Each structure stands twice: as structure tokens, then as C-alpha cells.
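Data block below; observations after.
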Amino acid sequence: MSNPSSFTKSLSLGQNWKSKSMRIIPEELVRSNGEAFEHRVVFNVRWNNSWQLWLQKERHGLFMVEEDWDEFVDDNLLGADDILLFTHQDTMYFEVRIFKKDGKEITSVPLEVEPETQPFHQETTPASASASVGTSSRARKGFAHVKNPKRYLLNPRNPYFQKKLTKSNTVLYMTTWVIEEYELEFSPPNTHIYFLLPDGGKLDGYTKNYGGSHGFLGWAAVCERYNLKTGDTVVCELELSGRVVSAVRVHFVNA
């Protein structure tokens, strides 16, 4: 877009960042962009973290799913005086800038938040360094005990990332830093791949590209087979053919 649309969010009296009113997408933005926000939005911040938030239409507007929005709020340690500036960049993508009470912009990982863009295998970094090893503040909740995800891997050289289950688990979306770190490539949409399971079995999967985000269909069958619940965490190890992802090996870390 040559003239991207922008809007801000800040708290009014009686609100908190998890109030339902904070989850709405402005009506004028929805009107002017057709079906761009029909299913989801993707938020990108200055330090290259990104969040995917699913949307739901309600009588009074289009809202971000509560769990996804709450995760974004928690990950960025949003405070009562913070101001968020959302700039619509392309289709469902937004740049999000976070400003503190004094007007200073947050341009690096907030205290206690660990960025997805850094590889998990930086094992030499002290655990006390709050912005060193990588996922985000989700590590403080569902899987703080997973201090060395690499130990779960069948091949320590393989790319990998942690996945915390949410309510929407139809597609296993790839983590941005993994793609960039390993310069990964993907087969065309609907190409067959496998999910390789902890018990030695495998389930069919298929590549998916939605608005530039790479992922794999068939993830719902993995979750159902093992009765995985919201908040459970797995380590996903990627099997490659050259640089092309050919399979996802699933490791349980909090069963």
C-alpha cells in the first residue's frame, strides 16, 4: 500500500489491555480493505518478532481471538501507560510500534521477553540474561522448564523451534527466525510431507502458504492423536531435502 492505514490503541479509564474493546479491528480499516482481514492478522515489531492472531466476526465488529491477543499483550509486557501504533503494511500484515509514557519507543526486546528471531541453540548464554535465548515471554508460562530444546532432537544439526498450542491448531505455522536462520525453502502449496511422531509412526501433512506465511496442514490430526491441549508445548524438528522442508519430527516436552 502506498499510503498505509494506521491506528493507535491506548487504555482509557476502567480498561486493561485484555479488555474486549482492545481486541477490535477498527471498522473503517476493515471497510477499506475488503477481505484482507477475513481470517487473521500478523503483527510484526521492531525487533523482528511476529505474532499471528486469528479473527472472529461478531455482531459489533471484527475481533482478534482472545487467547491470541492476550499472548501478544503478555509477550510485550504492556503497561497501563503504553501506546501502540499499528500500521497496515500489506494484506493482513501490520507493523506494531510500542511507545512508553515518556514517548520513548521500544525498539528491542522488552525486559523478560526473549525473541523468536534468535536461535534456541545459543546454549552458552546465561539463563539469567532476560533477552538472550529465543522464544518470548511465553517461556515464562507454558514451558519455562525447557531450557535446552536441542536435547530433544534426533539430529542436532536440524532446524527446530518450540510450538505452544493455542485454540487454533489446524495449521502448524513456521517460525520466522527459523526460516531466515537456516534459509529454508518450501515446496509448492499442497505438496505432501510427513509429521514424524514420537512413537515411530507418521501422519500425512501438506504444505500451505497463506499470505506469505508458510505452514503445514495435518497438524490437527497430530494434536488429536495425542490429545494435545492448549498450553502444551512440543519441539518441532525439521527434516530437510537440501534446504526444502520435507518432514516435521515432533517431540513432546511436557507430557
Side-chain angles (χ1 to χ4, degrees), residues 1 3-30 33 36-37 40-55 61-120 125 128-144 161-162 164 166 173 175-180 211-213:
M1 294 178 64
N3 294 302
S5 303
S6 297
F7 63 93
T8 61
K9 287 184 181 289
S10 59
L11 298 183
S12 301
L13 186 64
Q15 288 183 320
N16 63 64
W17 282 109
K18 295 185 179 180
S19 299
K20 184 176 181 179
S21 58
M22 303 308 297
R23 295 192 280 116
I24 194 169
I25 302 291
E27 182 180 355
E28 60 273 16
L29 193 61
V30 176
N33 288 279
F37 313 132
R40 66 188 177 100
V41 291
V42 177
F43 291 164
N44 298 303
V45 292
R46 290 290 198 183
W47 51 95
N48 295 323
N49 257 20
S50 62
W51 289 260
Q52 175 180 261
L53 297 88
W54 291 91
L55 303 175
L62 186 64
F63 290 82
M64 292 170 274
V65 169
E66 181 177 3
E67 181 182 6
D68 295 345
W69 171 253
D70 288 354
E71 182 177 56
F72 174 77
V73 169
D74 290 339
D75 285 358
N76 290 288
L77 305 178
L78 296 184
D81 297 314
D82 290 352
I83 298 173
L84 304 185
L85 173 62
F86 296 81
T87 301
H88 182 214
Q89 295 182 310
D90 180 34
T91 316
M92 77 286 290
Y93 290 88
F94 287 85
E95 177 191 58
V96 185
R97 300 172 65 184
I98 304 174
F99 297 88
K100 308 306 287 186
K101 183 178 181 179
D102 60 4
K104 182 179 179 180
E105 181 179 2
I106 302 300
T107 58
S108 59
V109 180
L111 186 64
E112 297 183 28
V113 180
E114 301 171 10
E116 286 185 296
T117 53
Q118 297 181 12
F120 291 115
T125 306
S128 60
S130 60
S132 57
V133 185
T135 58
S136 67
S137 66
R138 289 191 295 274
R140 292 179 286 110
K141 298 180 291 181
F143 47 88
F161 62 98
Q162 293 183 22
K164 181 181 178 183
T166 64
Y173 281 100
T175 304
T176 303
W177 77 259
V178 179
I179 297 174
E180 296 175 351
S213 292

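Being a predicted model, the structure only gives us computed values, none of them experimental.
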Considering all heavy atoms, the nearest [X]-[Y] contact:
{"X": "Arg46", "Y": "Ile106", "result": "CG-O, 4.0 Å"}
{"X": "Ser50", "Y": "Asn44", "result": "CB-OD1, 3.1 Å"}
{"X": "Leu84", "Y": "Phe72", "result": "CD1-CE2, 4.0 Å"}
{"X": "Leu85", "Y": "Ser6", "result": "CD1-CB, 4.1 Å"}
{"X": "His88", "Y": "Tyr93", "result": "CD2-O, 3.3 Å"}
{"X": "Tyr173", "Y": "Arg40", "result": "OH-NE, 4.0 Å"}

>> Taking atom CD as the centre, does Glu27 end up with more than 12 heavy-atom neighbours from other residues, nucleotides or ligands that are less than 6.0 angstrom away?
In response: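 Counting other residues, nucleotides and ligands, CD of Glu27 stays at 12 neighbours or fewer.
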> Should Val41 and Phe86 be marked as a side-chain contact (heavy atoms from CB on, under 4.5 Å) after you check the CA-CA gap, both sets of side-chain angles, and the distance that decides it?
Replying inline: CA-CA 11 Å; Val41 291; Phe86 296 81; over 6 Å; no
>> Using the rule side-chain contact (heavy atoms from CB on, under 4.5 Å), only one of Asp68, Leu78, Asn16 pairs with Val73; which is it?
In response: Leu78
> Do you know which of Ile83, Ile24, Val96, Asp82 makes side-chain contact (heavy atoms from CB on, under 4.5 Å) with Lys9?
Replying inline: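 Exactly one candidate clears the test, Ile24.
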Report the distance from atom [atom1] of [X] to atom [atom2] of [Y], rounding to the nearest 0.5 Å.
{"X": "Thr107", "Y": "Phe99", "atom1": "OG1", "atom2": "CZ", "answer": "10.0 Å"}
{"X": "Met22", "Y": "Ser10", "atom1": "CE", "atom2": "OG", "answer": "6.5 Å"}
{"X": "Glu105", "Y": "Arg97", "atom1": "CD", "atom2": "CZ", "answer": "4.0 Å"}

> Do Ile25 and Met64 have side chains that get closer than 4.5 Å, going by heavy atoms?
Replying inline: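 Of all side-chain heavy-atom pairs linking Met64 with Ile25, at least one is under 4.5 Å.
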> Which word best sums up how the rings of Trp17 and Trp69 line up, parallel for under 30°, tilted for 30 to 60°, or perpendicular for over 60°?
Replying inline: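 If you compare the ring of Trp17 with that of Trp69, the planes turn out tilted.
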>> Please evaluate residues Phe94 and Leu29 with respect to the criterion side-chain contact (heavy atoms from CB on, under 4.5 Å), reporting the C-alpha separation (whole Å), side-chain torsions for both, the decisive distance (0.1 Å), and the verdict.
In response: CA-CA 12 Å; Phe94 287 85; Leu29 193 61; 3.6 Å; yes
>> Could you check whether Lys18 pairs with Asp74 (Lys NZ or Arg NE/NH1/NH2 to Asp/Glu carboxylate O, under 4.0 Å)?
In response: yes
